[in-house]
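To keep things clear, I will list the structure first and then write my remarks on it.
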Amino acid sequence: VYEPLLSEKNSTRVEIDEEDSPLPDDLTRDSVELPELSEPELARHYTRLSQMNWSVETGPYPLGSCTMKYNPSFTEDVAADPNAAIHPDRSARSSQGTLELLSDLQDYLGRIGGMDAVTLQPPAGAAGEFAGILVAKAYHEANGNDRSEVIVPASAHGTNFATAAMAGYDVVELPSGEDGRVDVEALDAAVSEDTAALMLTNPNTVGLFERDIVEIAEMVHDAGGLLYYDGANLNALLGRGRPGDMGFDIMHYNVHKTFATPHGGGGPGAGPVGVVEELAEFLPSPHVRERGGSYELYEPERSVGKVHGYAGNWLVLVKAYAYIARLGDEGLADASAKAVLNANYLAEQVDLEVPYGPFHHEFAATAGERDAADVAKRMLDYGVHPPTTKWPEFVPEAMLTEPTEVENRDSLDDLARAFNESLADSEEELEDAPSRTAARRIDQASAARNPRLSWHALDAEEE
Amino acid sequence: VYEPLLSEKNSTRVEIDEEDSPLPDDLTRDSVELPELSEPELARHYTRLSQMNWSVETGPYPLGSCTMKYNPSFTEDVAADPNAAIHPDRSARSSQGTLELLSDLQDYLGRIGGMDAVTLQPPAGAAGEFAGILVAKAYHEANGNDRSEVIVPASAHGTNFATAAMAGYDVVELPSGEDGRVDVEALDAAVSEDTAALMLTNPNTVGLFERDIVEIAEMVHDAGGLLYYDGANLNALLGRGRPGDMGFDIMHYNVHKTFATPHGGGGPGAGPVGVVEELAEFLPSPHVRERGGSYELYEPERSVGKVHGYAGNWLVLVKAYAYIARLGDEGLADASAKAVLNANYLAEQVDLEVPYGPFHHEFAATAGERDAADVAKRMLDYGVHPPTTKWPEFVPEAMLTEPTEVENRDSLDDLARAFNESLADSEEELEDAPSRTAARRIDQASAARNPRLSWHALDAEEE
Amino acid sequence: MTRGSPYAPHTDAETKEMLAAVGAESEEDLFDIPEAVRFDGEFGIEARRERDVRREIATTLAKNDDLTEFLGRGHHSHYVPSLVDDLSRRSEFLTSYTQYQPEITQGFLQVLFEYQSMLVELTGLPVANCSMYDDATALAEAARLAGRARRVSGERVLVPEILREGKRRVLDNYVAGTDLDVETYPMDDGTVDIDALEAQVDEDVAMVYAENPTVRGSIEPRLAEIGDISDDSGALFCLGTDIVALALLEEPASVGADVVVGEADALGMPTSYGMGLGLFATREEFLRQVPGRLVGASEDAADKRAYTLTLQTREQHIRKERATSNICTNQAWVALRTAMHAAYLGPSGLVDLAKRCVTDAESLAAELDGLKGVRAPVHDGHHFREFVVHVDQPAKAIASDLEAEGFAVHVVGEHRLQVCVTDLNASKTDALVSAFEEVL
Amino acid sequence: MTRGSPYAPHTDAETKEMLAAVGAESEEDLFDIPEAVRFDGEFGIEARRERDVRREIATTLAKNDDLTEFLGRGHHSHYVPSLVDDLSRRSEFLTSYTQYQPEITQGFLQVLFEYQSMLVELTGLPVANCSMYDDATALAEAARLAGRARRVSGERVLVPEILREGKRRVLDNYVAGTDLDVETYPMDDGTVDIDALEAQVDEDVAMVYAENPTVRGSIEPRLAEIGDISDDSGALFCLGTDIVALALLEEPASVGADVVVGEADALGMPTSYGMGLGLFATREEFLRQVPGRLVGASEDAADKRAYTLTLQTREQHIRKERATSNICTNQAWVALRTAMHAAYLGPSGLVDLAKRCVTDAESLAAELDGLKGVRAPVHDGHHFREFVVHVDQPAKAIASDLEAEGFAVHVVGEHRLQVCVTDLNASKTDALVSAFEEVL
């Protein structure tokens, strides 16, 4: 299966001549050369390409830490409502519907996370982290209390490190404890009056609940620091534990993980941020609130300003609202229960050691003597998507697996079979994998060594 | 690629007990046993099945006489308008929008076919034929002139024969002339005062225009018969010839062929019927007309009654209207021009004899010594959909090919290559074909010999 | 790009080259049409941009009043889950043709096979076809089947006196070319007058047709007796119903139905101005007399299960004037949607939905019955979705006034309305009752 | 089915068996959460049926007034062809993840590669990434890139004094953790005051940012000079623009732009309350400083062309605190839609659309200028899509009155409005002019 590039189907140069241009020549470019194709050709192009793409509706997608849940199609209809298609610079008076929905979603998220105020502005989880750390920074500054460090466990998502650095903090990396959780003694050593915040995922990136969370929170708070919750794993806890109740001061939600908005091949997501009452005045601007039956936008008193040019990924937020409303208390709690059950059941069926536990919605198996990435490639040959591999790093040859609640037992058994048969295959078969897919193993090194990032680059190479 | 049946995924028996039923036991069944599956499971089931299906958006679909054009996706949006979702028993007063659109479409079709009045009720081409023949019958009866025969060329669509028989007529089959067209002498011999109608496709089923159409019309009319136009090949003539101008009294339109409404895997279509002024009073009931700025439904004076329980396939008609409005005069004429150009170009590239010409939008090549059906199966291995085979019967080993206007030259060249490479392959390869598709050659004889028409039948067989 | 069809991909240069390749000077050269019948006029239809067509049609359709419909009588709708729209619109389904090359159309064939299987389960009959146009044509085809397959020499087709006009008129047309005659038998309080029917049935009856529920929504209490009466005289018993009713009401096979017809589009389709999906199921004995397409299981050359259209020798493209029907294009895509919706509901959801059709109708009838000058339901017994309402005042006037209040109901007699309730309008029944109070 | 999530497929029986398989008695047993922090309360969120959620949200959104918007200022929309909705909604695209297993995600990778290629063509720069969140974050990332990659030792980032507030505030936050300082330079009659800029630029300037068109819709006439000034001092020249403007206005590479940022969602997306698609393109020299994802061509083991995410060592999941940005999830699906829309238009359609952005704005300005008490455009020179309008009366009052008439425009000063026209509202310009007359 090979679908030519658009540019290989047609390439047409359109000249921009002064005579039929509304602009003088010196304000315009000379020409544009792009593919000129008809609608039927494009329909086929993209239909074929779509069929060359794995997705949640194709089959299991057990990428650990990515939470690839089923995305209910009705949420797409809801977001396609023409009344949702409004400009952000409209008056509040003429956009009451949008503001009401945003306000309701702020409220829902607050209840789910145990947070007092929620901003919906961050357009992705990482942007949420950035907004959250800006809030922490502003809080400390407002207290005349400049702090220079953010503590991040070694097992944390890369975004935590990058975000802290982006906000100008020094990153203090906390090694994992022997049981895979935060080493409280190491934390004690790391925490100081320079500590602006500790960023924590709970359950952590191998699915373990940080049992010492109350103690951890006390330690950080005693030192005047704040506790930041990375919401990437919230799908494990719905209805059973709330970051706000555990002592977290700030958290972000990944609505494309926990609330089933589609990942769209890498985005758009949305990363709302919840904070405790004390921090509400620092939230990004504008914030939505109800006043006397109508909704308004306002700037929180000590707002950190903006992390997005407008109001974030509105259409994604609509889908998240629809999902939460569809499930309600019972559905959300059940989603987590089944996500955790599935992870536990699958781990039981897989012939691999899982060094750390008890885990929740995901588990980090170790491929042991095998190369985890090779095993993953071989799994492609068995018709499933493999788990996240070689991460987190403290698990050797990690295969971080998160089936989510949407698989049933049959499909988990299929997944397990793919694991086990891959593991039983020879080293040669693994290195040669995938051999049954349309595309064979792709040379990543060559792509990086000789970057060809456009069809222009390919054309140049051919010449 | 194999996707289990729904029933292989789950089978759940739900009992209907008197205690929680709103009906007494003797009015209800005992139980229902069907698959009980969740939304994610169904989404995957149907997504996978869809990927096991050829379609216009997958690639070329040159089925002769089927006119597989591109179906513009915007027409789906138009038909999904909530205001289109109304019940047929509404008052005319409250359904003016629907009536206006129907009236406008009647008008458009009349202009395109050169007809004076058009009914939109028939839900498919064959139903249109039936309505048309009923009109002819009613006309003759109204003239106190019972006639018993309908003349149909041997090369005609099977529906023509079946329709005439269904309406109670004896079918007189007219052999094809040596040039592939109507043999005027044979027609002369066949026409009599028993002739209710001659049903004709023009261009005919091998793409030839019936050059003697004026003479043919005269012969039939002189004998008191009517001339019926089968609209299956209208895509060849748009803007260049109108059945009404050629002497046809009645015609049907296949909107899923000519006006690009999707075929939907076999339906729904729509088969509007146009007639000349003299026959308008016989059209099915109700008919739509404008009176003083508003639209009403009425029963034509001598209406043949109904061929559909309500108003036919309304949503299909909306799509047809949208297509016609999008193209307009120039677009429709261009569609035909390109359809004819494509057929001629493709025929030129294919290493097969085309015994009859000049053809228009389709051509009947002959596979000669090869089995046309085997060649077709082999073409599947080259990644295209083959033409209609072994029909019409007067062309030996016919491969009736209609690329339509939506292919470009590259794709026609690909098609030609598939033809030619298949033809160059060995007899063995042909008989073994397809060998590269997910499903291999399917045993049709066994399916008919041992009919298994439900999962119940498969279960019974296994026991 | 060239002007002309936006869906023809040819550039001007390409057109020229292709013309050259076929040895023609212009596109017009390719048309072999005698001068006398060449059309050189114009249709006078102006091409419009996509967005303008969308806007224009939206504007036109917006002239349909925004009414809450309590309408039924054979065209019923329930809430169609978004999943059905989303998946059925996938172009591989929507833009495919009849499955004449089964090797590359297994997906659609399997869905149709599953559709057939669901109807086999629901009717209890072993053969269900892929679809007829609607309930009316399905009934008409059943009568023709009875004529071809008849076990007796009779020519009479008996139908209830209370029958939707559209159905009756289609039936009349379909049998007009045969020697069959359609007669009615009487009803009693909305359901079959069994004694009268029995008296009317003789050995010259080819088919007895009854409905459950009836067009007035009555649930037929003595179906098995109708089956027996038919069977005793050698007539075929044809039962009319719909796909949701099948999930709760007596199983057709168990009451002796030989053919089951009716509407299946109550699942899978929005209200669509009468666009339907004719269901058609029958006994094994009549397999080769079935109209329309059938999908069967088979094996491919690698011995894997596969599906294919089968028994095509019944059909017009092979059998021509001796075909069982002239049907070619059917309602395949509607059947696909209906199968998806039924699968979405599953047996629990289907049965629940059917139960609601009984209870919602009962509640609404009781509420209307409480109004002065209104009696509902007019007929005794149980109802499914709909029922007849007696109003002391002229029914037409009431209906017209209700329309002004934003509600549509059927007028079925001088003092009779008919009201249909489903999950789509169930939340508006209070408003309907208030509107009745308003206009009475 | 179990109660609970409609999207968890487990039957009760299955759940029990699975619990048994893992040796747990109940689902609760699987949660290792200390008593102290176990949540046993309720959210108080009631589950609703699909149709009820749809109805509820539709009802809420219907509270947005039905206004014809003449709004722009960085969030622009053009008519999105149905094709884009249809194809982008295909679940294989919509429900897929980042392409970490390229062997089974070639489809999405190729679309992103094509998106990058289109931007390479339009900007003239050889490197374009897969997307940033929006124009504001793209600008902010450009400043950070300038900080990392700078050729000079300077810390100053110069931006025009007329800049959308949202952009400025995001920029401020992104540079707050660096040693960069943001300063403004003056504008003259809506475009860059070249002399003032030149005077301000020194060797301590890391980046000069200019926009074409500006936020007020002015087309910048002296871009190349800005490029030269930047180049001479060793500063990076960052140009802000949008994907439609790129098709007509001067090619960024030809005026010396080192980085191009801006909005690409003017194609592919409906008006969506500011949801964006940040475009980001730059010179080869800064390739390893680029934030976000890049798709590159490569070969598979069978030597066939294939695509893959590349140069990932720039990214947070590998480089952690030394990453070029913390961005992870981006706007990939929006980029896919934008690529589809751009492909649908083709070069002719794109250029035509861009020309209309000039002519439609000119015509509307001229019409408004004809009204008493109105002057438009306020700035001389050429405009793209939008322009500033002077009104003698207070702008707020006029805007509010226009809103009552059904039109939305921007208020950008005490006596200044801003009006934006695209193909979506072009048919309503007469109505807007009439409304102006009405409210003046």
Side-chain angles (χ1 to χ4, degrees), chain A residues 14 22 29 32 34 36 46 49-50 52-57 83 85 87-88 94 96-97 111 123-124 126 158 161-163 165 167-168 171 209 246 262-269 305-306 309-310 314 325 328 331 334-335 337-338 340 344-345 358 405 408 439-442 447 452 454-455, chain D residues 4-5 8-9 18 22 27 30 32 37 43 45 47 53 61 63-65 71 87 90-92 94-98 102-104 106-108 117 120 133-134 136 166 169 177 251 270-271 273-274 296-298 300-302 306 310 316-317 320-321 323 326 328-333 346-347 358:
Chain A
V14 171
R29 59 192 299 147
V32 183
L34 285 170
E36 182 95 51
Y46 292 113
L49 288 179
S50 77
M52 293 158 65
N53 218 61
W54 191 264
S55 71
V56 170
E57 294 200 12
N83 286 320
H87 192 284
S94 70
Q96 286 292 301
R111 296 194 221 177
F161 301 88
T163 299
V171 177
F209 194 88
M246 300 170 198
H263 280 70
K306 294 182 70 60
Y310 286 110
W314 155 243
D334 186 51
K338 294 307 189 302
V340 173
N344 278 273
Y345 178 82
E405 68 272 20
N408 64 8
R440 301 286 304 277
R441 179 99 57 124
I442 291 168
R452 288 153 293 170
S454 66
W455 58 55
Chain D
S5 169
M18 289 171 70
V22 302
E27 290 168 352
L30 299 171
D32 177 39
V37 293
F43 303 145
I45 302 172
V53 178
L61 291 175
K63 296 177 189 170
N64 287 338
D65 294 346
L71 301 172
L87 294 170
R90 287 180 63 84
S91 56
E92 298 96 324
L94 184 64
T95 75
S96 66
Y97 192 68
T98 307
E103 291 83 2
I104 56 169
Q106 284 296 297
F108 213 118
S117 301
V120 165
Y133 306 128
D134 68 347
R169 295 186 79 176
E251 187 196 61
T271 311
Y273 206 61
S298 185
D300 74 359
T310 193
Q316 45 73 30
H317 62 283
K320 295 183 167 180
E321 65 268 31
N326 76 336
C328 174
T329 295
N330 57 21
Q331 304 289 102
W333 185 69
V358 174

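Fair warning: this is a prediction, and the values are worked out from it, not measured in the lab. Letters A, B, ... are given to chains in the order of the sequence lines, protein chains preceding strands, and every chain is numbered from 1.
- Looking at D/Val120, the atoms closer than 4.5 Å to chain A (heavy atoms on both sides) sit in the backbone and in the side chain alike.
- Partners of D/Asn326 by side-chain hydrogen bond (donor to acceptor under 3.5 Å, both in side chains), not counting sequence neighbours, listed by chain and number: A/Thr163.
- With hydrogens and angles ignored, the 3.5 Å screen pairs no side-chain donor or acceptor of A/Asn408 with any backbone N or O of D/Pro9.
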Please walk me through it: do D/Glu27 and A/Lys338 pass side chain to side chain contact (heavy atoms under 4.5 Å, CB included)?
-> CA-CA 8 Å; D/Glu27 290 168 352; A/Lys338 294 307 189 302; 2.9 Å; yes
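- Between A/Ala335 and D/Ser5, the shortest heavy-atom distance links the atoms N-CB, 4.1 Å.
- Side chain of D/Asp134 to main chain of A/Gly309: a donor-acceptor pair is present (N/O by atom type, distance under 3.5 Å, no hydrogens or angles).
- Contact detail for A/Ser454 and D/Ser117: the closest heavy-atom pair is CA-OG, 3.2 Å.
- Of the listed residues (A/Ser50, A/Gly168, A/Pro358, A/Pro22), the one with the most heavy-atom contacts under 4.5 Å to chain D is A/Ser50.
- When atom types are taken as modelled, the side chain of A/Asn53 and the backbone of D/Phe108 share a donor-acceptor pair closer than 3.5 angstrom.
- Note that NZ of D/Lys63 and CG of A/Asn83 are 12.0 Å apart. Values are rounded to the nearest 0.5 Å.
- Scanning all heavy atoms of the two residues, the minimum distance from A/Tyr310 to D/Tyr273 falls at CB-O, 4.1 Å.
- With sequence neighbours left out, the salt bridge (charged side-chain N to carboxylate O under 4.0 Å, His left out) criterion links A/Arg29 to D/Glu251.
- Judged by distance alone, the side chain of D/Thr329 and the main-chain N or O of A/Ala124 form no donor-acceptor pair under 3.5 Å.
- With chain D as partner, the option from A/Trp314, A/Tyr345, A/Phe161 having the largest number of non-hydrogen pairs under 4.5 angstrom is A/Phe161.
- When every heavy atom of A/Ala162 is checked against every heavy atom of D/Ala323, the shortest pair comes out as CB-CB, 4.4 Å.
- Nearest approach of A/Arg440 to D/Asp300, heavy atoms of both residues: N-OD2, 2.9 Å.
- Among all heavy-atom pairs drawn from D/Thr95 and A/Ser55, the shortest one is OG1-CB, 3.2 Å.
- Heavy atoms of A/Ala167 lying under 4.5 Å from chain D belong exclusively to its backbone.
- With respect to chain D, the highest number of heavy-atom pairs below 4.5 Å among A/Ala337, A/Gly265, A/Gly269, A/Ala439 belongs to A/Gly265.
- Here the side chain of D/Glu103 pairs a donor or acceptor atom with the backbone of A/Ile442 at under 3.5 angstrom.
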